[in-house]
Protein chains: 2
Amino acid sequence: MREQKKQATREALSAAALRLALERGPDNVRVDDIAEAAGVSPRTYNNYFSSREQAIVAAVTGERGARVAAAVADRPADVGLAAAVIEAIVDQYTAPGEPGRDALLLITASPALREAFVDTTGAIEHPLTDAIAGRLGDTDPHTARVLAASVAAAVRLALGRWLQTTAASFTAGGLVVPSGSLPDLLRATLAPLAPALDAAEQQALRRRR
Amino acid sequence: MREQKKQATREALSAAALRLALERGPDNVRVDDIAEAAGVSPRTYNNYFSSREQAIVAAVTGERGARVAAAVADRPADVGLAAAVIEAIVDQYTAPGEPGRDALLLITASPALREAFVDTTGAIEHPLTDAIAGRLGDTDPHTARVLAASVAAAVRLALGRWLQTTAASFTAGGLVVPSGSLPDLLRATLAPLAPALDAAEQQALRRRR
DNA sequence: CAGAAAAAGTGCGTGCACGCAAGTTTGCGT
DNA sequence: ACGCAAACTTGCGTGCACGCACTTTTTCTG
């Protein structure tokens, strides 16, 4: 029940942060406002988030880590590790595009928010490590960590490029082509890691018998 | 000449930061002290570094990015990409251990400094991208970026684990084995990425003819 | 060589992150 | 049901990062 309450205030805080940012623009939101809107003290806000940007972005990226991990775990056992990971990520990063269309617009508009959004990639690292370790049979958690970290790094790269090009296409007024959809960009960015993922899977199989 | 002066003040700042941190302990160093010791205004210090930890750590990690890139480029052309990258990194992360032995002790002692030190890994990403792209023949800069980011992420993991275990071995008073030397740890952490590096190299070769 | 343009340094003000030391709530054992 | 211990919240104080406007220095150009 303690956990429930913590999660509740966390969501209240990030929801308030996003709402206020949408209403007034990101630069006209003081920390005190967010805290007040969520019904906690400013100091408490700071126990949950260490920057306004983090709070705002968390409203969009909240449970991505857990969702990605679940998606990886749910792929059928007979598809390769690389395919499982890549498709799980593509799914999870494309599906939630709907809920906050204007939120994404807000994020792309502000460099600080863009950076915070891209940095949330680090949050998928630990859940993804567990998911990969599960598929590899828990023989070598070390390898799983490395692969998860690499995948996270690649996703960070893809998101960065995507935000960059979409932002550019705004300012350039359409002269710049959006450079491909996010799913395509993700697939292309993750492709070079596929050999490493599949090699690890083969080695795990070999080790198991 | 402009660049020279910038680099000079940058080094003056980080050197002063490290010296003061060693003299008084990291928590007894104010930003104003660093600025004064380097002969610039506090505001200027802030144009170079956005945290004390960054300034201190930069004294140790300064040119690592460029050195790693050069080391990768200097490996003979007939060794595989994976071997070239891994050995270059191992070299560059082991050689500079001598200059600041006490500096590393200082860093391991403070969590904030540990984090800053580990985060410097990101700085090798761009130089390493260029080095890898050079070896791949510049056909696909995108792949080079992904690989460099993954390598950087793996190095970050290795450094994190290394600092963690060495710090633990301090507090535990020797009960915990240092868990292997840094070179071994780096090799073990980078190993899972070797298939990806070599696969990219093969593909580059195939594309070239 | 003068004078403009660009770039780096500086002073100031604001909002913030975070340590610390209370106070308050929650959950558990008896 | 009671009370205690651990976890969470809060107020306060300090140092800091960073935007902005301005001065000083460096570089470029006619």
Side-chain angles (χ1 to χ4, degrees), chain A residues 1-18 20-21 23-59 109-117 119-120 122-123, chain B residues 1-18 20-21 23-59 109-116 118-120 122-123:
Chain A
M1 181 266 195
R2 199 152 186 108
E3 273 317 303
Q4 283 180 3
K5 220 172 182 180
K6 276 190 66 169
Q7 212 55 27
T9 48
R10 181 180 207 84
E11 282 172 29
L13 278 168
S14 65
L18 177 58
L20 291 176
E23 285 177 9
R24 326 178 180 171
D27 292 342
N28 299 328
V29 181
R30 306 275 140 264
V31 156
D32 299 15
D33 306 335
I34 302 175
E36 193 185 11
V40 296
S41 93
R43 185 63 184 82
T44 294
Y45 147 87
N46 224 42
N47 289 339
Y48 284 88
F49 300 102
S50 50
S51 79
R52 278 194 326 289
E53 293 77 19
Q54 221 175 94
I56 297 174
V57 161
S110 151
L113 286 181
R114 281 205 302 263
E115 191 180 347
F117 181 74
D119 282 352
T120 58
Chain B
M1 180 265 194
R2 195 160 191 116
E3 276 314 306
Q4 283 181 4
K5 218 171 183 179
K6 277 190 66 169
Q7 212 56 27
T9 50
R10 182 181 208 84
E11 284 173 26
L13 277 168
S14 66
L18 177 58
L20 292 176
E23 285 176 9
R24 325 178 181 171
D27 292 341
N28 299 328
V29 180
R30 305 276 141 266
V31 155
D32 299 15
D33 306 336
I34 302 176
E36 192 185 11
V40 295
S41 93
R43 185 63 183 82
T44 294
Y45 146 87
N46 226 37
N47 288 339
Y48 284 89
F49 299 102
S50 49
S51 80
R52 278 194 325 290
E53 293 77 19
Q54 220 176 94
I56 296 175
V57 162
S110 153
L113 286 181
R114 281 204 301 264
E115 192 180 347
V118 170
D119 282 351
T120 58

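Proteins get letters first, then strands, A, B, ... in listed order; numbering begins at 1 in each.
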Discussion item. With a sphere of 6.0 Å drawn around CD of B:Glu23, does it hold more than 12 non-hydrogen atoms of other residues, nucleotides or ligands?
Written reply: yes

Item to complete: Return yes when atom CD of B:Gln54 has more than 12 non-hydrogen atoms of other residues, nucleotides or ligands closer than 6.0 Å, and no otherwise.
Response: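 Count over threshold, so yes.
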
Practice prompt. Would you check, one step at a time, whether the test side chain to side chain contact (heavy atoms under 4.5 Å, CB included) holds for B:Arg10 with B:Phe49?
Written response: CA-CA 9 Å; B:Arg10 182 181 208 84; B:Phe49 299 102; 3.9 Å; yes

Fill in: Side-chain donor/acceptor of B:Asp33 to backbone N/O of B:Arg30, under 3.5 Å
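Such a contact is found between B:Asp33 side chain and B:Arg30 backbone.
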
Worksheet item: So, does A:Tyr45 use its side chain to make a donor-acceptor pair with the main chain of A:Arg52 at under 3.5 Å?
Response: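 Pair found, side chain donor or acceptor close to backbone of A:Arg52.
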
Gap between atoms [atom1] and [atom2], on [X] and [N] respectively (whole Å):
X        : N      : atom1 : atom2 : result
A:Asp27  : D:dC18 : CG    : P     : 14 Å
B:Ile56  : D:dC16 : CD1   : C1'   : 14 Å
A:Arg30  : C:dT14 : CZ    : P     : 12 Å
A:Glu115 : D:dC18 : CD    : C1'   : 13 Å
A:Gln4   : D:dC8  : CD    : C1'   : 16 Å
B:Leu13  : D:dA17 : CG    : C1'   : 15 Å
A:Glu53  : D:dA17 : CD    : P     : 16 Å
B:Lys6   : D:dT27 : NZ    : P     : 13 Å

Practice prompt. Classify every nucleotide of nucleotides 19-30 of chain C by which part a protein heavy atom approaches to under 4.0 Å, writing B for the base, S for the sugar-phosphate alone and - for neither, in 5'-to-3' order.
Written response: BB-----SS---

Worksheet item: Where is the tightest heavy-atom contact between A:Ile34 and A:Ala16, given as atom of each residue plus distance?
Response: O-CB, 4.2 Å

Worksheet, complete the sentence: For A:Ala58 and A:Ser14, the nearest pair of non-hydrogen atoms, with its separation, is CB-CB, 4.1 Å

Discussion item. Of the listed nucleotides (C:dG15, D:dC16, C:dG9), which one gets closest to any side-chain atom of B:Asp32?
Written reply: D:dC16

Fill in: Within residues 44-52 of chain B: residues closer than 4.0 Å to DNA chain D (heavy atoms)
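The answer is B:Tyr45, B:Asn46, B:Ser50, B:Ser51, B:Arg52.
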
Worksheet item: In degrees rounded to 10°, what angle is found between the helical axes fit to the five outermost pairs at each end of the helix from C:dC1-D:dG30 to C:dT30-D:dA1?
Response: 30°

Worksheet item: Roughly how far, to the nearest 0.5 Å, is the CD atom of A:Glu36 from the CG atom of A:Asp32?
Response: 8.0 Å

Discussion item. How long is the straight-line distance from CZ of A:Arg43 back to CG of A:Asn47, given to the nearest 0.5 Å?
Written reply: 4.5 Å

Discussion item. Please determine whether side chain to side chain contact (heavy atoms under 4.5 Å, CB included) holds for the pair A:Glu3 and A:Lys6, giving the CA-CA distance in whole Å, both sets of side-chain angles, and the decisive distance to 0.1 Å.
Written reply: CA-CA 5 Å; A:Glu3 273 317 303; A:Lys6 276 190 66 169; 4.2 Å; yes

Discussion item. Side chain to side chain contact (heavy atoms under 4.5 Å, CB included) for B:Leu13 and B:Val40? Distances and angles first, verdict last.
Written reply: CA-CA 9 Å; B:Leu13 277 168; B:Val40 295; 3.9 Å; yes

